[in-house]
Amino acid sequence: MNNLTCFVAVEFVDDPNVVGYTYWYLCPFADAEIGDRVCAPLGRHNREQVGVVRKVRFAHDSNAPFPIELIKRVRKVIKENRMYRIIDKRALNSTVTSMDIYTPAVAKKAQAGQFIILRVNENGERIPLTVAGYDREKGTVRIIFQIVGATTALLNALEVGDCLKDFVGPLGCATKTDGLKKVCIVGGGVGCAIALPVAQKLHKLGCEVHSIIGFRNKDLVILEDEFRECSDRLTVMTDDGSYGGKGLVTQPLSLALENGEKYDEIITIGPLVMMKFVVATARPYGVKTTVSMNPIMIDGTGMCGGCRLTVGGKVKFACVDGPDFDGYEVDFDEAIARSGAYAEFEQREREKTCNLLNKKVN
């Protein structure tokens, strides 16, 4: 690459003494990528250890990230053709986890509002998760999920360096943002992870963004700082009043509309009941209200029919026609009834999975 030298920043995730730190190395293998495992000498005694590449930089020796004469060399890149590596993992609260997955092809095309379908292992179920962010340069896609069922428990048991079996996407239609000048984003619970990239995109486009995010209590609040950065006005609500305002997200929305706020659109993402009442709040004012529907999905291509909804009296499929729909036209009562169809099965699988994970820990 024009006589540039490849440098890589390596984290030794399996060494508790240095985990969380990165060390720059000169890499003679120009095909090294973020997420690759490498063998490299570490410490005074140059003991060779296995680490994970976190950054890749091509530069002339004079622009090395560390004095070139002091930089050690990567001995080997371990190429295992392991896609969908977990590059980063962090807990947002006790039940919600964020992961960055190395998947360049998906990262290249992903847009706010779209989703992916993943499998944790060969025999795992397919679960849809909305794209919570992406970095085209690093080739990563961020997913944020709540640990509520068997598969999300298995997913949360994986650590940095582990790989997913499948990661398919981007699927669905991107959220339409063109021409919007003033928008209110209303997010509830883990739905805020879906709303955030939409708010960030609108902010980047110069739109005035008012965000309202709601949670059951203070301990479950997520992504507040991120929303604050991309919002001209941010309101945080908790059901019990332990943080921010006390009450439902519909209360500040109703107050804003009563006070004459003129929004081009309201975009709401969260539990079905919450979205139903956000739509009801907006209806008297005639403000266009878009909802993000995330019903049961299997194949993600519209063939199985599992994600069908009634929208404007017609059958729509969330995976190909959505997930965004006109909130005034969605039959929420039907969607809420269908969302509980597998509740008993999910409870049994959750208990089985928790027992298996506990045995592994013991």
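Every value quoted in this text rests on a predicted model; they were computed, and no experiment measured them. Heads up: numbering here begins at 1 and tracks the sequence.
When atom types are taken as modelled, the side chain of R126 and the backbone of I117 share no donor-acceptor pair closer than 3.5 angstrom. Side-chain atoms of T238 come within 3.5 Å of backbone N or O of G241 as a donor-acceptor pair. Not one N or O on the side chain of E329 forms a donor-acceptor pair closer than 3.5 Å with the backbone of D326. Remark: side-chain polar atoms of E11 are paired, donor with acceptor, to backbone N or O of G20 under 3.5 angstrom. Looking only at distances, a side-chain donor or acceptor of T281 sits under 3.5 Å from a matching main-chain atom of F277. Proximity of a side-chain donor or acceptor of R54 to a complementary backbone N or O of I87 within less than 3.5 Å is detected. Side-chain atoms of K72 come within 3.5 Å of backbone atoms of G43 as a donor-acceptor pair (strictly under, hydrogens ignored). A donor-acceptor distance shorter than 3.5 angstrom exists from the side chain of D232 to the backbone of V209, with no hydrogens or angles considered. A donor-acceptor pair under 3.5 Å is absent between the side-chain atoms of K55 and the main chain of K138, judged by distance alone. A donor-acceptor pair is defined here as one N or O able to donate and one able to accept, closer than 3.5 Å; no such pair exists between the side chain of Y328 and the backbone of A280.
In this structure the side chain of H203 never reaches within 4.5 angstrom of the side chain of K201, judged on heavy atoms. Looking at heavy atoms from C-beta onward, C319 lies in side-chain contact with F115 at the 4.5 angstrom threshold. Side-chain contact check for F215 versus D239: every heavy-atom pair is 4.5 Å or farther apart. Residues L253 and I266 are in side-chain contact: their nearest non-hydrogen atoms beyond the backbone lie under 4.5 Å apart. Counting heavy atoms from C-beta outward, I143 and F167 have side chains that approach closer than 4.5 Å. T140 places none of its side-chain heavy atoms less than 4.5 Å from the side chain of Y134. Side chains of K89 and S98 form no contact here, defined as non-hydrogen atoms less than 4.5 Å apart. Side-chain contact between I213 and L234 is present, with heavy atoms from C-beta onward closer than 4.5 Å.
The two residues Y243 and V236 come nearest to each other via the heavy atoms CD2-CG1, 3.8 Å. G327 and V279 make their closest contact through O-CG1, 3.6 Å (heavy atoms, listed as atom of the first residue, atom of the second, distance). Nearest heavy atoms, D219 versus N93: O-CB, 3.3 Å. What you find for F227 and S211 is that their closest heavy atoms are CD2-OG, 3.7 Å. The two residues E122 and K165 make their nearest non-hydrogen contact at OE1-CE, 2.8 Å. Nearest heavy-atom pair, V287 versus Y263, reported as atom, atom and distance to 0.1 Å: CG1-O, 3.6 Å.
Cluster annotation: V74 and W24 are assigned to distinct hydrophobic clusters (Ile/Leu/Val/Met/Phe/Trp/Tyr, side-chain heavy-atom contacts under 4.5 Å, transitive). Both Y285 and M275 belong to a common hydrophobic cluster when Ile, Leu, Val, Met, Phe, Trp and Tyr are linked at side-chain heavy-atom distances under 4.5 angstrom. Hydrophobic clustering of Ile, Leu, Val, Met, Phe, Trp and Tyr side chains at less than 4.5 Å, counting indirect connections, keeps I71 apart from V8. By the rule that hydrophobic residues join a cluster once side-chain heavy atoms approach within less than 4.5 Å of another member, M99 and L223 end up as members of separate clusters. Cluster membership check: F332 does not share its hydrophobic cluster with I194, using side-chain heavy-atom separations under 4.5 Å among Ile, Leu, Val, Met, Phe, Trp and Tyr.
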Side-chain donor/acceptor pairs under 3.5 Å, residues 307-316, sequence neighbours excluded:
residue : atom : partner : partner atom : Å
R308    : NH1  : G305    : O            : 2.9
T310    : OG1  : E334    : OE1          : 2.7
T310    : OG1  : E334    : OE2          : 3.2

Only pairs under 3.5 Å count here: list side-chain donor-acceptor contacts from residues 170-192, not counting sequence neighbours, and write none if there are none.
residue : atom : partner : partner atom : Å
T175    : OG1  : D324    : OD2          : 2.8
K182    : NZ   : E261    : OE1          : 2.4

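Summarising the local packing, NZ of K288 is surrounded by 12 or fewer heavy atoms from other residues, nucleotides or ligands at distances under 6.0 Å. Counting heavy atoms of neighbouring residues, nucleotides and ligands inside a 6.0 Å radius, atom CZ of R136 exceeds 12 of them. Heavy atoms from other residues, nucleotides or ligands lying under 6.0 Å from CG of N46 number more than 12. The number of heavy atoms from other shown groups lying within 6.0 Å of CD (E137) does not exceed 12.
Using a 4.0 Å cut-off between a side-chain N of Lys or Arg and a carboxylate O of Asp or Glu, E125 and R119 do not qualify as a salt bridge. Looking at R85 and D36, a side-chain N of the basic residue comes within less than 4.0 Å of a carboxylate O on the acidic one, giving a salt bridge. Between D333 and K276 there is a salt bridge, since at least one side-chain N of the basic residue sits less than 4.0 Å from a carboxylate O of the acidic one. Salt bridge annotation for R142-D100: present, with a cationic side-chain nitrogen under 4.0 angstrom from a carboxylate oxygen.
Taken to the nearest 0.5 Å, the CG atom of D135 stands 7.5 Å off from the CD1 atom of I34. A distance of 10.5 Å separates CD1 of I144 from OG1 of T130, quoted to the nearest 0.5 Å. Put simply, CG on L26 and CZ on R73 are 5.0 Å apart, with the number rounded to the nearest 0.5 Å. One distance of note links OH of Y25 with SG of C6; it measures 14.5 Å at 0.5 Å rounding. Taken from CG in L92 to CD1 in I222, the straight-line distance is 5.5 Å, to the nearest 0.5 Å. Atoms NZ and CD, on K246 and Q251 in that order, are 10.0 Å from each other to the nearest 0.5 Å.
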- Message: Between L118 and F145, is the side chain to side chain contact (heavy atoms under 4.5 Å, CB included) condition met? List the steps.
- Response: CA-CA 12 Å; L118 64 79; F145 58 92; over 6 Å; no

- Query: Taking it one step at a time, do T290 and E265 satisfy side chain to side chain donor-acceptor pair (under 3.5 Å)?
  - Reply: CA-CA 7 Å; T290 297; E265 189 171 336; 2.5 Å; yes

- Message: Does N259 form a side chain to side chain contact (heavy atoms under 4.5 Å, CB included) with L255? I'd like the steps, not just the answer.
- Response: CA-CA 6 Å; N259 289 338; L255 183 62; 3.7 Å; yes

- Determine, step by step, whether V10 and V52 satisfy the side chain to side chain contact (heavy atoms under 4.5 Å, CB included) criterion, reporting the C-alpha distance in whole Å, the side-chain angles of both residues, the deciding distance to 0.1 Å, and the verdict. CA-CA 5 Å; V10 179; V52 179; 5.9 Å; no

- Message: Would T5 and D61 count as a side chain to side chain donor-acceptor pair (under 3.5 Å) here? Give the steps.
- Response: CA-CA 7 Å; T5 301; D61 291 357; 2.8 Å; yes

- Task: With side chain to side chain donor-acceptor pair (under 3.5 Å) as the test, would you mind laying out the steps for N156 and T97 before giving the verdict?
- Result: CA-CA 7 Å; N156 191 60; T97 299; 2.6 Å; yes

- Message: Could you go through L155 and L129, starting from their C-alpha distance and side-chain angles, then the distance that decides it, and tell me whether this counts as side chain to side chain contact (heavy atoms under 4.5 Å, CB included)?
- Response: CA-CA 12 Å; L155 178 58; L129 292 171; 4.2 Å; yes

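The side-chain contact (heavy atoms from CB on, under 4.5 Å) with L164 is formed by just one residue from the set I116, N121, I101; it is I101.
Classified by interplanar angle (parallel below 30°, tilted 30° to 60°, perpendicular above 60°), the ring pair F12/Y23 is tilted.
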